[in-house]
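Below you'll find the structure, written out as structure tokens, and then a few comments.
Residue indices begin at 1 and follow the sequence shown.
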Amino acid sequence: MATNHHQQQQKRGSRSELNGLSRKHPSTVDSVLLDGPLTDPEAGEQFVQDAFQIILEEAIKKGTSVNEKVCEWSEPDELQDLLDLELVDAGEPHEKLLERCRVIIRYSVKTAHPRFYNQLFAGLDHHSLVGRYITETLNTSQYTYEIAPVFVLMEEVVLRKLRTFVGWKCGDGIFCPGGSVSNMYAMNVARYKLFPEIKKRGLWDMPRLAVFTSEECHYSVTKGAAFQGLGTDNVYLVKADERGRMISEELEKQICAAKSKGVVPFLVSATAGTTVFGAFDPLPEIADICEKYGIWLHVDAAWGGSALISRKHCDLLTGIERCELQFNDQADSVAWNPHKMLMAGLQCSAFLLKDNTGLLKTCHSANASYLFQQDKFYNVCYDTGDQSLQCGRKVDCLKLWLMWKAIGTLGLEKRVDRAFACTRYFVNEMKKREGFRLLMEPQYVNVCFWYIPPSLRGKEQSSNFWQNLGKVAPFIKERMMKRGSMMVGYQHHGTKVNFFRQVLISPQVSQEDVDFVLDEIEHLGSDFQLE
């Protein structure tokens, strides 16, 4: 170890000397730079080995232990000083860098912790993690068979398997950098399907185009409309019922109203598992409407798609198989994020199409001659990168494939069923306790509820009750974050004041952890007082 450090110090010294020589003797500098490797492989391998040990102990073992904090809270200014983030000219020694690794892990949120419920992803799958290690180490890009032969073949196998759960026997697809981008892909491909000339001519000669989606949709729908030049004013937000489900009759009314103004409806984006309530739009009725008017149906199942794996709960997505090339030459699509409930690890987001005519490629291809040569010695149909808007594209299939190989479809199904079982237990236990109030019975694994502290109980009829109740969730959230005991998200929604949204998906979560959530909320909110 000391020898390696001495060698590194010598190299740093030699580089400082090179700076002085560079202006006077450029050829001498080149000969010195080319005199052997610039890096020390043995020192690098030792660093990787030592760093992996830190990762195993600090991030994996401690990061999944209930005896450790979910997060070590620090204010931004304080954390900035602790991390010493500024970049300088001279490199740092081995031990200093390892200490930095420890500090980074210490002050990061442990999303694999059994009491992390803040997002729509949580927990740790060790096989998926190894897949991510391999992906990062091989450091390849998923665009041609020659540079990523294993992963080009693997991606198609995984996408084909996902399509079978949707109910399609054929089709296409691609892994995207997140569900938001998958939804934007749907918008772009649907528009191209209707007006293929837009690829060359742009928006100049196009009629006014409209997208229809629920008022409970993911924000990526309006963001995508802005990004693609459609304009957010051309996203028609359809009313949802009290459960957060799109009202199909209102959808048809909005489509007819838009058509009467000369607007061309080209996409309906239904949601299977809304972000807040976990609501599922009525897909059969929406599919009927799309069939009637010849509109592309996209189902944003980024959150709810994993219910398809479960034979007990797949009925939540009944009608998703209707996204198919049967009527009006439709070629519809689905977004599905296995990095959420299936725990494939960030990020793993699939964009799936029923179309098998190469629509995805013709919509996005640029035919770069330096990358997608047509006279290669192998079948160029395996060079799938031109389907993507990206050039360099991260390998996202391995982590899901390796995890699937490890536990099988039945293992994935158990994860989904267990998440629902945890949710039912949580709701039943909540109903036994004073002060907890559900917004609604959960449709999925999102549990939305208020906690009414003792100081507000019996005051529900007072004029400022709801205003005061809206202060409770932020009050408790601050305390839990600073204690590091757990993380539960909160938000307001429409006229509903701040409430908690508990998401129970990690297979590491035990019955004891679920009980702890209720106990901790009671403990942290028991002394809430009005100002």
Side-chain angles (χ1 to χ4, degrees), residues 39 41 44-45 47-56 58-61 63-64 97 101 104-105 108-112 119-163 173-182 185 302 305-306 335-352 371 382-409 411-412 415 506-507:
T39 59
E45 290 167 12
F47 179 76
V48 170
Q49 191 170 41
D50 293 345
F52 264 126
Q53 195 61 37
I54 292 172
I55 293 169
L56 180 62
E58 301 296 327
I60 297 177
K61 290 184 178 179
T64 57
L97 293 172
C101 293
I104 288 167
I105 294 171
S108 293
V109 175
K110 313 305 186 295
T111 64
Q119 258 64 49
L120 302 183
F121 64 88
L124 172 66
D125 180 273
H126 297 85
H127 300 97
S128 173
L129 180 60
V130 170
R132 282 179 274 167
Y133 287 156
I134 295 172
T135 294
E136 294 299 322
T137 305
L138 293 176
N139 192 37
T140 194
S141 182
Q142 181 111 13
Y143 39 50
T144 64
Y145 182 81
E146 66 182 275
I147 195 67
V150 173
F151 303 125
V152 165
L153 298 177
M154 184 183 291
E155 181 176 54
E156 177 48 39
V157 169
V158 176
L159 291 170
R160 183 168 66 243
K161 188 68 173 181
L162 293 175
R163 289 195 301 267
I174 194 169
F175 279 98
C176 297
S180 292
V181 176
S182 294
Y185 265 53
S306 294
W336 182 355
N337 285 6
H339 71 234
K340 292 181 176 173
M341 183 177 284
L342 297 185
M343 296 176 55
L346 288 166
Q347 59 194 14
C348 189
S349 304
F351 174 59
L352 308 172
L371 193 58
Y382 292 106
D383 289 354
T384 56
D386 227 5
Q387 296 182 123
S388 171
L389 287 171
Q390 303 162 260
C391 178
R393 185 163 66 92
K394 194 175 185 65
V395 173
D396 287 327
C397 57
L398 174 57
K399 50 198 160 192
L400 177 56
W401 180 88
L402 192 60
M403 178 182 72
W404 209 319
K405 280 287 191 179
I407 67 173
T409 303
L412 295 177
R415 287 185 178 177
S506 169

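The OG atom of S349 sits 12.0 Å away from atom CD1 of I174, with the distance rounded to the nearest 0.5 Å. The distance from atom CG of L342 to atom CG of D125, rounded to the nearest 0.5 Å, is 10.0 Å. Between the CG atom of L129 and the CD1 atom of I134 there is a distance of 10.0 Å, given to the nearest 0.5 Å.
Distance alone, capped at 3.5 Å, places no donor-acceptor pair between the T111 side chain and the A122 backbone. With hydrogens and angles disregarded, a donor-acceptor distance shorter than 3.5 Å links the side chain of K110 to the backbone of I105. N337 places no side-chain N or O within donor-acceptor distance of the main-chain N or O of K340, the cut-off being under 3.5 Å. Between the side chain of Y185 and the backbone N or O of L389, at least one donor-acceptor pair lies under 3.5 Å. Here the side chain of K394 pairs no donor or acceptor atom with the backbone of E136 at under 3.5 angstrom.
Note: Y382 and Y145 have tilted aromatic rings, judged against thresholds of 30 and 60 degrees for the angle between ring planes.
When the side chain to side chain contact (heavy atoms under 4.5 Å, CB included) test is applied to T140, the partners found at least two apart in sequence or on another chain are I147, A148, F151, V395. Legend: residues meeting side chain to side chain contact (heavy atoms under 4.5 Å, CB included) with K161, ordered by chain and number and at least two apart, are T164, F165, W404, T409. Every residue meeting the side chain to side chain contact (heavy atoms under 4.5 Å, CB included) condition with S180, not counting sequence neighbours, appears here in chain and number order: H218, S220.
Ionic pairing of E156 and R163 is present here: one or more N-O contacts between side-chain nitrogen and carboxylate oxygen are shorter than 4.0 angstrom.
Nearest heavy-atom pair across G392 and Y143 is CA-CE2, 3.9 Å. The minimum heavy-atom distance linking V152 with T144 is given by the pair CG2-O, 3.8 Å. The shortest heavy-atom contact between S128 and G345 is OG-N, 3.9 Å. The nearest pair of heavy atoms linking L402 to H127 is CD2-O, 3.3 Å. Minimum interatomic distance between M154 and L398 (heavy atoms only, all atoms of both residues): SD-CA, 3.6 Å. Between C397 and Q142 the shortest heavy-atom distance is SG-OE1, 4.3 Å.
Taking 4.5 Å as the limit, every side-chain heavy atom of P338 sits out of range of all side-chain heavy atoms of L412. Contact annotation: the side chain of W401 never approaches that of V150 to less than 4.5 Å [non-hydrogen atoms, C-beta and beyond]. Two residues are said to be in side-chain contact when any heavy atoms from C-beta on lie closer than 4.5 Å; P177 and Q390 meet this criterion. Proximity of F47 to C101: side-chain heavy atoms (C-beta onward) are separated by under 4.5 Å at one or more points. Side-chain contact between Q347 and D396 is present, with at least one heavy-atom pair separated by less than 4.5 Å. With contacts defined as side-chain heavy-atom distances shorter than 4.5 Å, the pair R160/V157 qualifies.
Only one option out of Q119, K399, H339 pairs with L346 in a side chain to side chain contact (heavy atoms under 4.5 Å, CB included); it is H339.
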